[in-house]
Amino acid sequence: MDTQHFAYAPLNNQNEEIRLLTLLPGDFDEPIHCQIVTCSLKTSPTYNALSYVWGDVTTASDPRNTVLLDSHSFSVTANLLSALHHLRAPATSRPVTLWVDAVCINQSDVDERSQQVAIMRDIYASAEQVIIWLGEDDEYTSDGLLNKINEIQRLEKTVADEDGKKRQLELMHQCADFYFTLAEVRPWFYRVWILQELAMARNDPLVVCGRRSVPWSTLVSVWNEIAKAVLSELGTVFFKTQDKGDQDAEAAEPERVAKTKLDVLDELLNSRRQNGGETLQRLLILSRTSQSTNPKDRVYALLGLLSPKETSAQNSIPIPIDYRKPTWEVYSDALSHIFSRGKGPHFLSGIYLPGASHPDGLPSWVPDLSGQTGETTTQSSGMQFRPPAHIMGASGVGAECMNGFRLPDKRTLRIEGLFVDVIEEIIPMGKSLGELAHRLPHLEAVVKSAKERHYSHPEMNPDTCLLMDAFKQKEPLWKTLIHGKRWMSGYDIAPDSYEAMHQRLLEMRDHPWGDEYKAENEYELSLGRSVGSRVLFTTKGGFAGTCIPGAQPGDVLSLWFGSPVPFVLRPTGDSVTIEGVQKEIYFLIGASYVGGIMSGEMVDELYCEDLAEYVTDGNAYGLTAAEHYKRRKPVDSQLPDTIVVTIGYPLTDNVYDLSRRFVDLRPPLPLPPGPGPDGNPDPPPAGADNFIAFIDGALRPWVQTTVFPSVKFSRDALFGHSFGGIFAIWALIAYPGLFDTYLIATPTVIWNNGSLIEEVTKRWGVGSSADLGPGHGGPYASNGTDQKDKKAPPAVFLTYGSEEQFPTRRQTETQAEWDERRTLWQSFRQTDVTWDLFYRIQDAGPGWTRDVTLKEYVGQDHAGVAASTIADGFGYFAFS
């Protein structure tokens, strides 16, 4: 925009300064006079924030589209000029104070624009009201339609008689066309910035169209009533009820088959108010039809809507706002953030990817975020290749893995994947259902021939290749062609009845197929749904599947942990050195569906390593741990196979051998004078180090090589409760690399006057005695040397019960009994000392542990915490 003779004074960013526009009163047709003032958001200024569309920016060059800003001529677009005329107060009224981005931000100053965009969330959140300018009246609103919407809302709240209901229904029909065309004819709904401007409103936004207005809540509420009263007549609304009994239909909540833009925006507003915001990947999906003048705003306009959890997480990579960056780098920043939150592979599996060569220079793994609809891209979406939603997907138990990060060049993604196979042949399926049906016998023959090939790979052993041969035979072609999904459902598995429908097509060999052929059943509808957007392929090892049309023979199929689908990759011929090893670089071509491995077969059967959990006090807790895992595994398919190893004593009439336990589990720390728990005035030497040597040097090798020689173990955990928790803490601080995870249930750290807590301080240099600050060192701290052979730092799950230090009275207890029990347990100070231990371990930083989690079990006493920790510990161990 041309500011002509007006000159901006610089803003003080440290003071959160913004400019406000004072719109002076005047008659409607008079020229616009306004003033601009600078103020700080810290002073809580009073103003309204305008949400609008710039419109055609070339209209700002029309000399008629100017305002007087501090007595200087200032060019604006025609739509903004119209908004100011309609929002200006009459000549005898008080001025109106607004924040308007086109005027209040110096658009020619790139640095200022970046800085103001960074606080845009606060600008709209601080406004007294957000005013939404939809534009001037049109054929749908010129007859006072917004007034009718307000009347419908009033009738809904006040009228119960038949005449009132009849009037209300009449008005709804009159307003229906307005709602049906609202998003199509009002550009405001497709401007990406409006998502933040609406969602950050602290009060009910005001929607203005021409000379009339309606509250946002009323606009949405009336639309919901129209959906219930009008759309149900068309069969495009389902009604949710509380049960299957007869209920008043008017009391049911409408659930539309397809949500409108108005619905999506209102859901976003409510989500921000309830949860503080959304994830970036969800915002990008919700706004995929939104537009922006500057393509970088497809990312920057959404940052103010990120939830606190999304931005404050330790591993979250921030997205700096810098309009000087090229668009590809801004989009790369966005994807880097999504990968840092553990959602990168899944996000890429459901969007339009740019392919091997994009005209704007996008890396192949960075989508064009300004073109994520079928109308704005020539690529195919990966969403169609996803298996039914309730199936785990191709990643299997690796579906929730943190996988992938961007290299320093910002153009290369490092990702962990599994080789599947190399594409041998690409078979087009036609551009119409009739053409596909005509080719179906040929496709069957090609796939049958491919599956007869033996799978082989130089890096796989013969047994693995035989399993791959079994996988490719699992799924018939009819199911592969529709990706295992029922018609019009992304959740339901295709029914077996579809097979007969497929066979019917095969038997119609002499049918005069043509492009005009129409589907006659659900299976044929499913076949025709994505005709032209996918091709069939076979691989060198005999797999068959579908992928995007851009794939070629020689492309590689790769399964990325975290993605529900395999990806098609293409060798670039280049390589990069990572940790001293040459790694080949690939282009990401797109998503695929590979018959036989879409339920995680490869990951679960071939590549999943088993876990082992070592349980001290095995007489007491061994069966508890084993039985809990046995009952959880069938209902938690993502839980890895786990071997429970319990360590106990040959007892017959008790579950504890206190004398031997006191020796084997006791850390080698000086004891105070006095007898041990068995009354022995000279307790035997502490045996924790010997016990650890037994586990590491004898028990673990025996389990792995003799008992389970064919199991590929990946990680071990150690569980200890009470005095066993003392042993687990000692193992953690004295032998930090011994176990991957430590499950420590209500450890009696008050033992020996708390000497073990002080030992944490002594060995790790943290806590009250020697606070060096987090991340100062540790066996896993990075010192700039090669870290590839180092194990990940351990994770620690620490628990206690609320009833330990603060026991409540039991119903059967007398006052005296309760006083005695309460006095005893309060003396152990379990809550206090566990929190002390937690802080000391946590403060050591990532050089010592990768995670420290503390959990209080409300209502649990010292004994009950053990079983609860075992139950939660399996999940923590598996997924931490």
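No experiment lies behind these values; they were computed from the predicted model shown.
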Any ion pair linking [Y] and [X] (charged N to carboxylate O, less than 4.0 Å)?
{"X": "Lys479", "Y": "Glu475", "answer": "no"}
{"X": "Arg453", "Y": "Glu424", "answer": "no"}
{"X": "Lys583", "Y": "Asp574", "answer": "no"}
{"X": "Lys540", "Y": "Asp421", "answer": "no"}

Regarding [X] and [Y], is there a side-chain donor-to-acceptor distance under 3.5 Å anywhere?
{"X": "Thr799", "Y": "Thr869", "answer": "yes"}
{"X": "Thr412", "Y": "Arg406", "answer": "no"}
{"X": "Glu310", "Y": "His337", "answer": "yes"}
{"X": "His502", "Y": "Glu444", "answer": "yes"}
{"X": "Gln384", "Y": "Ser533", "answer": "yes"}
{"X": "Tyr735", "Y": "Asp696", "answer": "no"}

- Message: Checking Asp555 now: which residues fulfil salt bridge (charged side-chain N to carboxylate O under 4.0 Å, His left out) with it, not counting sequence neighbours?
- Response: Arg570

- Residues in salt bridge (charged side-chain N to carboxylate O under 4.0 Å, His left out) with Asp492, at least two apart? none

- Pair Phe405 and Phe339, ring centroids less than 6.0 Å apart: no

- Message: Tell me if the aromatic rings of Tyr523 and Trp487 count as close, with their centers under 6.0 Å from one another.
- Response: no

- Checking Leu477, Leu481, Ile427 against Val447 for side-chain contact (heavy atoms from CB on, under 4.5 Å), the one that qualifies is Leu477

Tell me, please, which residues at least two apart from [X] pass side chain to side chain donor-acceptor pair (under 3.5 Å).
{"X": "Glu522", "value": "Arg486, Tyr498"}
{"X": "Gln582", "value": "Ser575, Thr577"}
{"X": "Thr741", "value": "none"}
{"X": "Glu499", "value": "none"}

Holding to side chain to side chain contact (heavy atoms under 4.5 Å, CB included), I want the full list of residues that pass it with [X], two or more places apart in sequence or in another chain.
{"X": "Pro549", "value": "Ser380, Val535"}
{"X": "Pro318", "value": "none"}
{"X": "Lys448", "value": "Glu452"}
{"X": "Met402", "value": "Asn315"}

- Within 45° of the ring axis of Trp365 and under 6.0 Å from its six-membered ring centre, is that where the NZ or CZ of Arg411 lies? no

- Query: For Phe537, which residues count as a ring pair (Phe, Tyr, Trp, His ring centres under 6.0 Å) partner, sequence neighbours excluded?
  - Reply: none

- Message: If the condition is ring pair (Phe, Tyr, Trp, His ring centres under 6.0 Å), which residues does His457 pass it with, not counting sequence neighbours?
- Response: Phe419

- Message: Please verify the inter-ring angle class for Phe385 with His483; under 30° counts as parallel, over 60° as perpendicular, anything in between as tilted.
- Response: tilted

- side chain to side chain contact (heavy atoms under 4.5 Å, CB included) evaluation trace for Ser349 with Phe567: CA-CA 8 Å; Ser349 74; Phe567 287 106; 4.0 Å; yes

